[in-house]
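These notes concern the structure reproduced below.
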Amino acid sequence: MESNNKRFSLRKDWKLVNFCEFDKYATKSYCAIHGVDENLNLGDITKVYETKLEHFNMICGGSPCQDFSIAGEQKGSVWTCQDCTDKEGKPYKYNPLTVHWSKRDMCPHCGSKNIDKTRSSLLVEYLRIIRGNKPNFGMYENVKNIVGKKFKDTTFKLFEEELREYGYNTYWKVLNAKDYGVPQNRERVYLIFIKKDLDNGKFVFPEGFDNGIRLKDVLEDEVDEKYYISDDKVQRFL
């Protein structure tokens with residue numbers, strides 16, 4: 001990455017090996033925007049065998065944010081055992097990151113493998129792919145609230161600790177899209193991890209800049225009626 005005070009550019013001399021997406025519309029959008037072959041999609045990451053992937057030296061991703069977002073239920077990375085209960089007689093719940101990865105496929109309370117998992121526990125699958133392939137470096141992204149009071153010293157801390165166990169140094173920071181050339185107020189956490197034997201300890205996040213683009217500059221003056229919701233549908237929604 002080459003940078004100065006106002007702009008930065010990324011040399012595009014890299015090759016996409018694969019990506020994971022099970023939503024067909026998201027897949028088509030991603031491939032159309034970036035000129036990517038849909039055949040590179042591995043689909044559901046939970047069904048990917050990490051030991052059978054083509055070699056790659058960088059991984060980028062993020063787990064679904066709903067279970068961390070303030071706008072969601074904030075369940076966090078929690079799994080529920082279907083075969084045992086806690087002291088109050090409720091289904092036994094636990095954070096999978098509190099269980100060592102070598103024993104993570106079973107309930108720590110009863111040993112059952114009949115477990116209900118939240119969407120955000122897909123970060124465990126992300127870790128599985130990293131653990132099985134050990135890329136040189138990578139990036140993880142999620143909503144700001146994952147480093148908020150509720151999750152910073154639990155899920156996020158455990159996530160970092162596991163990456164360090166794999167042999168990586170970690171760096172994270174909350175960045176806002178509006179500071180990097182995108183006319184949108186969108187704060188997200190970015191975590192960078194680099195193999196310890198390759199890291200010189202000098203990594204810093206790029207400084208923000210103002211390229212002068214505002215929302216009015218990217219909105220169309222005339223929009224086809226098909227993109228509007230009719231008054232009748234609005235009333236039904238209400």
Side-chain angles (χ1 to χ4, degrees), residues 1-4 8-21 30 34 36 40-65 68 76-77 95-105 120-147 151-177 179-180 187-208:
M1 180 175 290
E2 302 170 348
S3 65
N4 55 39
F8 64 87
S9 61
L10 181 66
R11 294 177 58 197
K12 195 171 183 179
D13 53 0
W14 50 270
K15 171 191 173 184
L16 176 67
V17 177
N18 290 116
F19 69 98
C20 290
E21 177 56 66
Y30 173 74
H34 298 287
V36 172
L40 295 180
N41 184 14
L42 300 177
D44 187 347
I45 192 173
T46 64
K47 295 179 173 61
V48 172
Y49 290 98
E50 69 274 15
T51 57
K52 297 182 179 181
L53 295 174
E54 181 181 344
H55 173 71
F56 58 91
N57 59 20
M58 178 182 182
I59 184 171
C60 296
S63 52
C65 67
F68 296 121
S77 183
N95 185 332
L97 292 177
T98 62
V99 181
H100 193 266
W101 58 263
S102 61
K103 301 178 180 179
R104 192 168 283 156
D105 63 341
S120 286
S121 64
L122 287 180
L123 65 85
V124 172
E125 301 293 340
Y126 184 63
L127 285 168
R128 177 175 62 83
I129 300 299
I130 296 170
R131 186 171 64 249
N133 294 273
K134 296 295 177 61
N136 291 339
F137 57 100
M139 178 179 71
Y140 175 80
E141 173 269 344
N142 214 307
V143 292
K144 177 182 178 181
N145 200 45
I146 197 174
V147 292
F151 302 115
K152 181 179 179 181
D153 293 327
T154 53
T155 297
F156 191 76
K157 180 181 179 181
L158 292 168
F159 181 48
E160 275 197 287
E161 288 177 349
E162 188 158 329
L163 286 171
R164 295 190 188 110
E165 181 186 341
Y166 297 168
Y168 294 97
N169 289 332
T170 60
Y171 307 85
W172 66 269
K173 189 175 183 179
V174 176
L175 304 177
N176 197 322
D179 297 324
Y180 295 90
E187 290 183 304
R188 291 293 184 271
V189 172
Y190 290 90
L191 182 146
I192 304 297
F193 51 97
I194 306 171
K195 275 185 176 178
K196 293 178 180 179
D197 57 352
L198 298 176
D199 188 17
N200 62 10
K202 296 182 179 180
F203 174 80
V204 293
F205 285 90
E207 294 183 5

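What you see is a predicted model; the values in this text were computed from it and never measured. Scope of the values below: all heavy atoms of this structure, side chains included, with no hydrogens, waters or symmetry mates.
- A distance of 7.0 Å separates CG in L163 from OG1 in T170, rounded to the nearest 0.5 Å.
- Aromatic ring pairs are classed by plane angle as parallel below 30°, tilted from 30° to 60° and perpendicular above 60°; the pair W101 and Y166 is perpendicular.
- F159 has its side chain out of reach of F193: every pair of non-hydrogen atoms, C-beta onward, lies at least 4.5 Å apart.
- Applying the ring-ring contact (aromatic ring centres under 6.0 Å, His included) test to F205 and every residue at least two apart in sequence or in another chain returns F203.
- With sequence neighbours excluded, the residues satisfying salt bridge (Lys or Arg N to Asp or Glu O under 4.0 Å) with D105 are K113.
- Residues meeting the ring-ring contact (aromatic ring centres under 6.0 Å, His included) test with F137, sequence neighbours left out: none.
- Smallest separation of non-hydrogen atoms from L40 and L16: CD1-O, 3.9 Å.
- Listed by chain and number, the residues in a side-chain contact (heavy atoms from CB on, under 4.5 Å) with V189 are I146, V147, F156, W172, V174 (sequence neighbours excluded).
- Contact detail for L158 and N95: the closest heavy-atom pair is CD1-ND2, 4.1 Å.
- A search for side chain to side chain donor-acceptor pair (under 3.5 Å) contacts involving D199 returns N169, Y171, not counting sequence neighbours.
- Between G43 and C20, the closest heavy-atom pair is O-CB, 3.3 Å.
- Sorted by first and then second residue, the salt bridge (charged side-chain N to carboxylate O under 4.0 Å, His left out) pairs involving residues 163-176 (not counting sequence neighbours) are E160-R164.
- Here the side chains of L97 and T154 are not in contact, with every heavy-atom distance at 4.5 Å or above.
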Side-chain donor/acceptor pairs under 3.5 Å, residues 47-62, sequence neighbours excluded:
{"unit_1": "K47", "atom_1": "NZ", "unit_2": "D44", "atom_2": "OD2", "d": "3.1"}
{"unit_1": "E50", "atom_1": "OE1", "unit_2": "R128", "atom_2": "NH1", "d": "2.4"}

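- Under the salt bridge (Lys or Arg N to Asp or Glu O under 4.0 Å) criterion, E141 pairs with R188, not counting sequence neighbours.
- From Y30, atom OH reaches atom CZ of F19 across 6.0 Å, with rounding to the nearest 0.5 Å.
- The environment of NZ in K196 is crowded: more than 12 heavy-atom neighbours from other residues, nucleotides or ligands sit within 6.0 Å.
- Proximity of L123 to N142: side-chain heavy atoms (C-beta onward) are nowhere separated by under 4.5 Å.
- With sequence neighbours left out, K195 forms a side-chain contact (heavy atoms from CB on, under 4.5 Å) with K134, N136, Y168, D197, L198.
- Listed by chain and residue number, R104, R131 satisfy the salt bridge (Lys or Arg N to Asp or Glu O under 4.0 Å) test with E162 (two or more places apart in sequence, or in another chain).
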